[in-house]
Student: 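Mind looking over this structure? Questions follow.
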Amino acid sequence: MRYLRLIGVQLRISAASGMAYRSDFLLEGFGTIAWMFMTLLPLMVLFDGVEQLEGWDRGSALIVMAYFMGVRAVLVGLVSPSLTELTERIRTGAFDYVLLKPVDAQALISASRFEPWKFLELVGALVLVVYAFYSKGTVPGGGDVVLGAVLFVVGVVAMYALWIACAASAFWVVRLDNLQYLLSAIFDTARWPVQVFQGVWRAVFTFVIPVAVMTTYPAMALLGRLDAQTALATVGGSLALLVVSRIIWQIAIRNYTSASS
Amino acid sequence: MIRVQDLAKHFKVHKRPPGLVSAMRSLVRRTYETVKAVDGVSFTIERGERVGFLGPNGAGKTTTLKVLSGLLHPSTGTVDVEGFTPHKRETRFLEAITLVMGQKSQLIWDLPPAETYAMNRAIFDVPVAKFDQTLDELTQLLDLGPLLQKPTRQLSLGERMKCELAAALLHGPTTLFLDEPTIGLDVAMQVAVRDFVRDYNQRHESTVLLTSHYMDDVVELCPRIIVIDHGRIIHDGDLRGLIKQMDPDKRVSFTTTDTEPDFSKLGTVMKRDGQRFTLRVAEAEIPAVVGQLLGPLKVVDLAIEDPPLEDVLRDMFGKAKPP
């Protein structure tokens, strides 16, 4: 209960922080809307002269893109700003105040910054799903919608776990902008169905940095194309990532030496 | 109650000489040295005590406070704060203590302090009625009224420190670790913070362990002081005891009208500023010296004082050798 109330207060305060500078806030909103349209551009160009790509037609690929936008909304709206805040607090020593609080430090830091405009992409993702099914001329089954929604959460968890593991390394290396850029660049590949990638890259994006878990498999679930075994493996893989990231975090916390006064 | 027994905290620090070659060499092979920030410290502080923690920069004061508040694991030794082992960071322990760091802030920069307070209320799960009552009390004691709704970035340093103190105390801690709470503040604000800490300590019978570079903070607030240097305690007791132990002589200051004064027979002349003199005189000789000064020598504005704490400490730190 304490955590739920805390997350509520954090979201409210972060939203208020975001609105502290009016022009920044409005520019942010404009940027988010522009970004949503730009995201779709490569896909539109690609499918302009092609009917199918590795078994994906335009409408189905749009569903992957919708999942990408959805997971990205949580990434850029909540996870990334919070973890950037974490690295800043470690560098300045203000992380001391996080450890002095009687709540889990990971939980406290994970929702410490929230950028409200970015969540507009979640709405954009939903609109895109509706449009994709409309253009395909089909309607998803009830079970597929439930599984698709569950796997969306699973995908978000996998993304969060990867980022928290990366952010935890800030306790050792302090500045990890480059690592964050690399991770963001890899995450960008999640906008394409994993089948588009061949050989070793497909294996990397499925098992090593599982962007397939974040977008392709949830999209296949919504399209009614995911078998039960892969669905279970997706859930298991994501939870395993979460556990590993939690262990890395706990080791990192033990290594925290605090910046000097 | 705080009980510390043989506490040591050692850090492994990477060390390399300046220059490009040594920088490249350090990429391959690193040399480390162990820094003994705290090296075998023991003390006990009873509930309700106000204790000043003194020492030069790098003496180990802040490291000790961080171990006591659970931020750092001790290398060796045992620490007990209100019946808890700090580095385990149990919920009830963190609810019982607070750490105020004068050089770090927990206030949300772009928002008014009231928002940080709301966040801390949620974090510490303080009931609304209790929160309102505590905030009212702190607002009154620290005169926070006009500051609560102003964005933190628009507050002066002194105003911000008052708001920091309130943020640190809203959950009603019984042990206060204050690390340089008056740093950078003007004299009036230092006095205000000092008065507040004393008042809070007396109202709540809370334990206060304070570090400060301003001797006045310690003199005014702390009946007991612990002096630490090179990670070791070199004095633990009351202020007068320390001064007496280190420099038992008194300082006798006065102004003379004599145009060619010579006071060297009465004591050591420590300072001369125009016609104003300060002599160092053994305590036993004070009556005779004062008799002379007020009698035949006809001086005015005579004052007899203990040596300034700054001088005593400077002398002390100069003598202490690293282990």
Side-chain angles (χ1 to χ4, degrees), chain A residues 1-22 24-25 81-82 85 88-109 111-115 171-174 250-261, chain B residues 9 11-13 37 57-58 61-63 65-67 69-73 86-87 89-112 114-126 151-153 164 167-168 171 173 177 179-180 183 211:
Chain A
M1 197 58 201
R2 182 192 283 205
Y3 282 90
L4 278 181
R5 234 194 335 259
L6 179 58
I7 286 172
V9 174
Q10 280 186 305
L11 293 183
R12 183 180 64 73
I13 286 175
S14 295
S17 272
M19 292 175 217
Y21 300 94
R22 194 166 51 175
D24 281 19
F25 183 70
S82 296
E85 173 91 0
E88 187 55 23
R89 288 192 195 184
I90 292 170
R91 205 179 56 75
T92 59
F95 188 70
D96 288 352
Y97 282 119
V98 175
L99 288 181
L100 287 168
K101 301 290 192 280
V103 285
D104 185 82
Q106 185 181 341
L108 189 58
I109 206 80
S112 60
R113 280 299 276 270
F114 162 69
E115 294 188 7
F171 288 95
W172 290 285
V173 296
V174 182
Q250 280 172 329
I251 294 170
I253 288 278
R254 272 201 293 276
N255 273 280
Y256 177 65
T257 51
S258 170
S260 177
S261 64
Chain B
K9 179 67 193 173
F11 293 102
K12 210 168 93 174
V13 184
N57 289 333
K61 308 182 297 289
T62 300
T63 303
L65 285 195
K66 284 182 177 175
V67 172
S69 53
L71 288 174
L72 295 175
H73 288 230
H87 72 261
R89 298 180 52 242
E90 290 164 73
T91 300
R92 286 203 299 132
F93 165 72
L94 294 170
E95 286 171 347
I97 65 140
T98 199
L99 170 65
V100 175
M101 293 173 274
Q103 311 206 51
K104 293 176 189 170
S105 174
Q106 68 165 315
L107 298 171
I108 303 165
W109 187 246
D110 289 324
L111 298 179
E115 298 286 15
T116 304
Y117 301 162
M119 174 90 96
N120 281 1
R121 189 189 86 69
I123 288 172
F124 285 96
D125 209 10
V126 184
T152 301
R153 64 174 190 274
E164 288 282 351
H171 61 285
F177 300 118
D179 190 18
E180 306 275 0
I183 199 153
T211 78

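So that the names make sense, note that chain A is the first sequence line, chain B the second, and so on, each numbered from 1. Because only heavy atoms are used, hydrogens play no part in the values below, and waters and symmetry mates are left out as well, while side chains stay in.
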Student: So for B:N57, is it side chain, backbone, both, or neither that comes closer than 4.5 Å to the heavy atoms of chain A?
Tutor: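 No part of it gets close to chain A.
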Student: Which one wins on heavy-atom pair count under 4.5 Å against chain A: B:T116, B:T63, B:L99?
Tutor: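 If we count pairs closer than 4.5 Å to chain A, B:L99 comes out on top.
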Student: To the nearest 0.5 angstrom, please state how far the CD1 atom of A:I13 sits from the CG atom of B:L111.
Tutor: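 Between A:I13 CD1 and B:L111 CG, I get 7.0 Å after rounding to 0.5 Å.
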Student: So what's closer than 4.5 Å to chain A heavy atoms on B:I108: side chain, backbone, both or neither?
Tutor: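 Just the side chain, heavy atoms under 4.5 Å.
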Student: Side chain from CB out, backbone as N, CA, C, O: work out which of these in B:I183 comes under 4.5 Å of a heavy atom of chain A, or both, or neither.
Tutor: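 Contact with chain A is absent: no heavy atom of B:I183 under 4.5 Å.
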Student: Within the 4.5 Å heavy-atom criterion, are B:M119 and A:K101 side-chain neighbours or not?
Tutor: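 No. Closest side-chain heavy atoms not under 4.5 Å.
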Student: Check B:F124 against A:P102 and note the closest heavy-atom contact, atom names and distance.
Tutor: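 Minimum heavy-atom contact is CE2-CD, 3.3 Å.
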Student: Do B:L71 and A:L100 have side-chain heavy atoms sitting under 4.5 Å apart?
Tutor: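 B:L71 vs A:L100: side chains touch.
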Student: Atom CG in B:L65, atom CG in A:D96: separation rounded to 0.5 Å?
Tutor: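 Rounded to the nearest 0.5 Å, the CG-CG separation comes to 11.5 Å.
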Student: Give me the atom names and distance for the closest heavy-atom approach of A:Y97 to B:M101.
Tutor: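 Shortest heavy-atom separation between A:Y97 and B:M101 comes out as OH-N, 3.2 Å.
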Student: Can you see which heavy atom on B:A118 is nearest to which on A:R12, and at what distance?
Tutor: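 Taking every non-hydrogen atom into account, CB-NH2, 3.9 Å.
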Student: Which distance, rounded to the nearest 0.5 Å, do you find between the CD of B:Q106 and the CZ of A:R89?
Tutor: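 One gets 9.5 Å once the value is rounded to the nearest 0.5 Å.
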Student: Under 4.5 Å heavy-atom distance to chain A, tell me which part of B:S105 shows up: side chain, backbone, both or neither.
Tutor: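 Contact with chain A is through the backbone of B:S105 alone.
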Student: My understanding is that only residues two or more places apart in sequence, or in another chain, count here; which of them pass salt bridge (charged side-chain N to carboxylate O under 4.0 Å, His left out) with B:R121?
Tutor: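 If we apply the salt bridge (charged side-chain N to carboxylate O under 4.0 Å, His left out) test to B:R121, skipping adjacent residues, there are no hits.
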Student: Just list the side-chain donor-acceptor pairs under 3.5 Å for residues 89-96 of chain B, sequence neighbours left out, or say none.
Tutor:
{"residue": "B:R89", "atom": "NE", "partner": "A:L99", "partner atom": "O", "Å": "3.0"}
{"residue": "B:R89", "atom": "NH2", "partner": "A:L99", "partner atom": "O", "Å": "2.8"}
{"residue": "B:E95", "atom": "OE2", "partner": "A:R2", "partner atom": "NH2", "Å": "3.0"}

